[in-house]
Student: 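For reference, the structure I am asking about is given below.
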Protein chains: 2
Amino acid sequence: MNAAAAGRPVTIREVAERAGVSISTVSHTFSGRRPISAATRARVREAAAELGYDPNPSARSLRTGRSGLVGLILRPRYAVSGTPDRAETFNRLVGAVATEALRHGTGLIHVPDLHDPAVASVPMDGCIVAHPYGGDTALAELLGRGLPVVTVEEDPDRPDLPWAVRLDYPPVVEALLDHLHAQGAREILLLSGTEDNAWNRRPRETYAAWCARRGLRPRTGLLSEGLSMPDAAELVQPLLAGPDRPDAIVVATSDFAALIAEVAAARGLRIPEELMLAALTDSEHARAGHPPITAMDLTHEALAERAVELMLARLSGAETPDGPVFLTPDLRLRASTRRKS
Amino acid sequence: MNAAAAGRPVTIREVAERAGVSISTVSHTFSGRRPISAATRARVREAAAELGYDPNPSARSLRTGRSGLVGLILRPRYAVSGTPDRAETFNRLVGAVATEALRHGTGLIHVPDLHDPAVASVPMDGCIVAHPYGGDTALAELLGRGLPVVTVEEDPDRPDLPWAVRLDYPPVVEALLDHLHAQGAREILLLSGTEDNAWNRRPRETYAAWCARRGLRPRTGLLSEGLSMPDAAELVQPLLAGPDRPDAIVVATSDFAALIAEVAAARGLRIPEELMLAALTDSEHARAGHPPITAMDLTHEALAERAVELMLARLSGAETPDGPVFLTPDLRLRASTRRKS
DNA sequence: CTGAAAGCGCTAACAA
DNA sequence: TTGTTAGCGCTTTCAG
């Protein structure tokens with residue numbers, strides 16, 4: 001029984017001994033960073049294989065200063081405790097980042113709470129911070145440590161950090177509003193989430209500007225991403241009750257959009273004839289809703305792909321880009337906003 | 001500008017110097033593993049904060065032998081290169097494992113190719129191997145290194161490894177077959193995937209036994225998970241053409257189930273009246289199909305939760321369990337197998 | 001082409 | 001309560 005089978009890790013020293021060479025020769029055999037005679041290399045490889053040698057990654061990165069690992073921090077606090085909408089969003093982003101990292105042969109670490117001292121910090125060469133808040137503290141912390149950071153969506157208070165993949169909301173949100181307007185909507189209510197991130201802020205800004213241009217009264221409200229369905233229903237009811245109810249609602253999350261559709265149906269309001277409905281993120285709720293709900297897909301896969309590329313470029317010493325990469329969300333018009341005319 | 005802002009990591013030594021104490025005092029201030037006077041502790045904390053000190057995780061784990069990180073390897077090779085069905089499956093499992101790890105404050109590493117020497121190995125205390133193959137080489141490699149491993153589904157050739165979360169297929173597959181039989185199916189075709197894992201093997205075994213018991217002729221075929229839709233369509237066509245076409249098909253993946261529904265529709269075959277259809281994994285394809293397709297949900301979230309629990313228990317020194325944990329897949333009967341009678 | 005040895009930053013045993 | 005120091009396993013300079 002060799003050392004590995006016994007549970008004790010095999011070190012470079014044992015391999016060297018077995019092969020009858022020095023530890024530096026073993027090291028160089030694997031790194032290839034200096035010429036080793038074929039005979040020696042064969043002996044070392046054989047010894048390593050027999051012993052089940054696997055270089056200790058901590059020792060290596062202590063020495064080299066690099067781990068070959070990229071971190072991922074998903075900021076939205078409701079990402080983890082999830083309604084299906086949030087779960088789908090979270091899963092798509094995490095899955096896509098993981099896929100992309102693996103495709104490049106890079107290990108990916110999901111970083112646990114940065115601020116919890118009970119939690120060991122992780123050896124990462126750089127970190128992807130997804131959907132940061134305005135003035136994001138975790139982002140600031142990492143930047144303060146001098147760690148290379150790439151963000152998925154910008155910290156809305158620091159929109160110009162160049163190492164970022166951003167979503168270009170204005171044209172898409174305008175297209176959505178124009179579409180609603182073209183279908184006859186004149187009283188459009190925007191229900192944002194309460195998370196202070198780009199996804200909530202940018203569309204709100206675009207909406208305000210659009211209303212001003214059109215000379216329409218802006219109508220906005222908040223619906224926290226953390227609400228339970230019953231609590232959200234409670235808040236939605238009165239919005240549909242009064243005589244001044246909106247003729248279209250744009251709501252941040254798609255499961256609340258589906259909820260609004262239900263509440264509307266219960267009140268006898270027909271969609272899209274009496275009320276149009278759209279969501280600012282897409283999910284199965286929207287696609288399979290009754291009727292299917294118009295939604296903006298945030299192209300998580302593309303965000304992930306570009307973010308990983310950006311990070312790897314950065315770690316290989318690429319120049320700082322002139323500005324963020326911009327991607328365009330994908331507007332998916334569905335029956336909830338399509339009036340037969 | 002301090003060292004961190006300058007890009008150079010701050011070490012314990014600098015903190016000690018600044019606080020006017022020894023490095024072991026700094027170490028113990030953070031680890032809390034020996035009493036430190038309040039005054040000293042305050043000075044150290046202040047110095048650390050001012051310098052932006054963050055303990056080097058590689059140094060720590062080199063010394064302690066533990067990293068606090070759990071690895072995750074997803075074995076199915078089609079998990080990454082994905083059709084939507086595989087992407088949903090992969091995303092759900094990865095997302096759920098990540099969520100569960102974070103909930104416990106544990107870092108999670110997606111392990112890149114174990115056998116690629118160009119890829120740095122990762123510092124993990126244990127590893128979750130999901131959906132291993134029969135005689136899985138990666139699993140064997142990790143076990144050979146003496147690393148604590150927990151599997152999600154068993155290596156079908158090593159069904160008794162106790163550190164595993166398994167799916168209890170037989171009763172659910174039987175229930176599905178009984179259901180089809182009760183609806184009148186007598187010529188049931190099972191189209192397995194070609195990945196040699198539990199998900200393909202166990203239902204096949206159950207099917208064979210069920211046919212034997214019922215005195216029915218087993219009809220089986222293969223449809224590789226890696227096929228493109230057109231290629232899969234090519235293979236499916238003849239199955240529906242002959243006079244001895246099956247009256248029910250159980251197919252492994254749900255997107256091929258949806259494909260079969262399309263092909264059947266194109267041939268004028270009505271579902272479920274002339275052909276019943278079921279999938280051995282659920283996805284939006286099945287839920288949103290026309291008609292919606294009966295499917296077995298593999299409860300990825302529950303698998304992930306139990307696997308992470310098992311891993312953390314194992315790492316805290318829990319006793320080896322008597323056997324694997326068994327979970328029951330969730331059979332979701334839908335219109336594709338529901339004949340009006 | 002190969003070996004000896006320093007040292008990465010930290011923890012923990014031992015000393016005081 | 002605090003300080004001194006060995007050494008975790010590796011990479012890399014410097015010698016040969």
Side-chain angles (χ1 to χ4, degrees), chain A residues 3-4 7-45 47-48 51-68 117 120-125 145-146, chain B residues 3-4 7-45 47-48 51-68 117 120-125 145-146:
Chain A
R8 184 171 44 79
V10 180
T11 74
I12 199 173
R13 202 156 244 109
E14 300 169 60
V15 176
E17 198 164 340
R18 175 140 186 162
V21 297
S22 73
I23 61 168
S24 64
T25 297
V26 176
S27 175
H28 287 117
T29 297
F30 288 108
S31 70
R33 295 183 63 77
R34 84 178 181 194
I36 301 285
S37 75
T40 306
R41 181 165 39 236
R43 275 220 314 296
V44 171
R45 293 222 122 95
L51 294 172
Y53 171 66
D54 184 49
N56 180 317
S58 297
R60 171 179 289 168
S61 48
L62 174 58
R63 185 55 234 241
T64 61
R66 289 171 309 96
S67 67
S121 61
V122 302
M124 50 188 172
D125 294 345
R145 284 187 202 167
Chain B
R8 185 171 43 77
V10 180
T11 74
I12 200 174
R13 205 156 242 109
E14 300 169 57
V15 176
E17 198 164 339
R18 174 140 187 163
V21 297
S22 75
I23 60 167
S24 65
T25 298
V26 175
S27 174
H28 288 116
T29 298
F30 288 108
S31 71
R33 295 183 63 75
R34 83 178 182 193
I36 302 285
S37 74
T40 306
R41 181 165 40 234
R43 275 220 314 297
V44 171
R45 292 223 124 95
L51 294 171
Y53 171 68
D54 184 49
N56 180 316
S58 298
R60 171 179 289 168
S61 47
L62 174 57
R63 186 56 235 238
T64 62
R66 289 172 310 97
S67 67
S121 62
V122 301
M124 50 187 173
D125 293 345
R145 284 187 202 166

Student: What integer distance in Å separates Ile12(A):CD1 from dG7(D):P?
Tutor: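 These atoms are roughly 19 Å apart.
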
Student: In the structure I gave you, are the side-chain heavy atoms of Pro57(A) and Met124(B) within less than 4.5 Å of one another anywhere?
Tutor: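 In short, these two side chains do not touch, never coming nearer than 4.5 Å.
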
Student: Can you find a pair of side-chain heavy atoms, one from Arg66(A) and one from Ser61(A), that are under 4.5 Å apart?
Tutor: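 A side-chain contact is absent here, since even the closest heavy-atom pair is not under 4.5 Å.
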
Student: Does Ser24(B) contact dT4(D) through a side-chain donor or acceptor facing the base, at a distance under 3.5 Å?
Tutor: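 In this structure, the two groups form a donor-acceptor pair.
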
Student: Starting at CZ of Arg33(B) and ending at P of dC10(C), how long is that distance when rounded to a whole Å?
Tutor: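 These atoms are roughly 17 Å apart.
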
Student: Using whole Å, report how far CZ of Arg66(A) lies from P of dT12(D).
Tutor: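 Rounded to the whole Å, the gap is 8 Å.
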
Student: In this structure, how many angstroms lie between the P atom of dC10(C) and the CD atom of Glu17(B), rounded?
Tutor: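 Spelled out: CD on Glu17(B) to P on dC10(C) is 14 Å.
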
Student: So if I take every side-chain heavy atom of Val21(B) and compare against dG3(D), dC10(D), dC1(C), which nucleotide ends up nearest?
Tutor: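 Per side-chain heavy atoms of Val21(B), the pick is dG3(D).
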
Student: State whether Thr25(A) places a side-chain N or O below 4.0 Å from either non-bridging phosphate oxygen (OP1 or OP2) of dG3(C).
Tutor: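 Yes, Thr25(A) has a side-chain N/O under 4.0 Å of OP1/OP2 on dG3(C).
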
Student: Taking all atoms of both residues into account, what is the closest heavy-atom pair of Thr40(B) and Ser37(B), and its distance?
Tutor: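 It is OG1-OG, 2.7 Å.
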
Student: Find out whether Ser27(B) and Ile12(B) are in side-chain contact, i.e. whether some heavy atom of one side chain is under 4.5 Å from a heavy atom of the other.
Tutor: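 Yes, close enough: below the 4.5 Å cut-off.
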
Student: Please round to 10 degrees the angle between the axis of the first five pairs and the axis of the last five pairs in the helix from dC1(C)-dG16(D) to dA16(C)-dT1(D).
Tutor: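 Axis angle across the helix from dC1(C)-dG16(D) to dA16(C)-dT1(D), nearest 10°: 40°.
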
Student: One pair to check against side chain to side chain contact (heavy atoms under 4.5 Å, CB included): Val10(A) and Asp54(A). What are the steps and the verdict?
Tutor: CA-CA 7 Å; Val10(A) 180; Asp54(A) 184 49; over 6 Å; no

Student: Starting at atom NE2 of His28(B), determine the distance to atom P of dA12(C), rounded to an integer number of angstrom.
Tutor: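 Computing the His28(B):NE2 to dA12(C):P distance gives 7 Å.
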
Student: Want to settle it: does Arg60(A) or Arg63(B) sit nearer the 5' end of DNA chain D, counting the closest nucleotide to each?
Tutor: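 The residue whose closest nucleotide sits nearer the 5' end is Arg63(B).
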
Student: Counting heavy atoms from C-beta on, name the nucleotide in dC10(C), dT2(C), dT4(D) closest to the side chain of Ser22(B).
Tutor: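 Of all the options, the side chain of Ser22(B) is nearest to dT4(D).
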
Student: Starting at CZ of Arg13(A) and ending at P of dA5(C), how long is that distance when rounded to a whole Å?
Tutor: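 Checked: the CZ to P distance equals 11 Å.
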
Student: Can you measure Arg34(B) atom CZ to dC10(C) atom P for me and round it to whole angstrom units?
Tutor: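 Going from CZ in Arg34(B) over to P in dC10(C) covers 16 Å.
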
Student: Under 4.0 Å, counting only non-hydrogen atoms across every strand here, what does Phe30(A) touch: a base, just sugar-phosphate, or nothing?
Tutor: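 No contact.
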
Student: Heavy atoms from C-beta onward define the side chain here; which of dC10(D), dT2(C), dC8(D) lies closest to that of Leu62(B)?
Tutor: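 Nearest nucleotide to the side chain: dC8(D).
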
Student: Atom CD in Glu17(A), atom CG in Leu51(A): separation rounded to 0.5 Å?
Tutor: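 Output value for this atom pair is 10.0 Å.
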
Student: Regarding Arg33(B) and His28(B), do their side chains bring together a donor and an acceptor under 3.5 Å, going by distance alone?
Tutor: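 No.
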
Student: Identify whether any heavy atom of Ser27(A) sits under 4.0 Å from a base atom; if not, whether one sits that close to sugar-phosphate; answer base, sugar-phosphate or nothing.
Tutor: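 Touches a base.
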
Student: Would you classify Ile36(B) as touching base, sugar-phosphate or nothing, given that sugar-phosphate means primed atoms plus P, OP1 and OP2, and contacts are heavy atoms under 4.0 Å?
Tutor: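 Sugar-phosphate, no base atom in range.
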
Student: Side chains of Arg41(A) and Val44(A): closer than 4.5 Å at any heavy-atom pair?
Tutor: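 No, side chains not in contact.
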
Student: Does Thr64(B) put a side-chain nitrogen or oxygen below 4.0 Å from OP1 or OP2 of dC10(C)?
Tutor: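 No, outside the criterion.
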
Student: Can you tell me how far C1' of dG9(D) sits from CG of Asn56(B), to the nearest Å?
Tutor: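 Taking atom C1' of dG9(D) as the reference, CG of Asn56(B) is at 14 Å.
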
Student: Strictly below 4.0 Å: does Thr40(A) bring a side-chain N or O up to OP1 or OP2 of dC1(C)?
Tutor: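 Answer no for this pair, as no side-chain N or O of Thr40(A) is under 4.0 Å from OP1 or OP2.
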
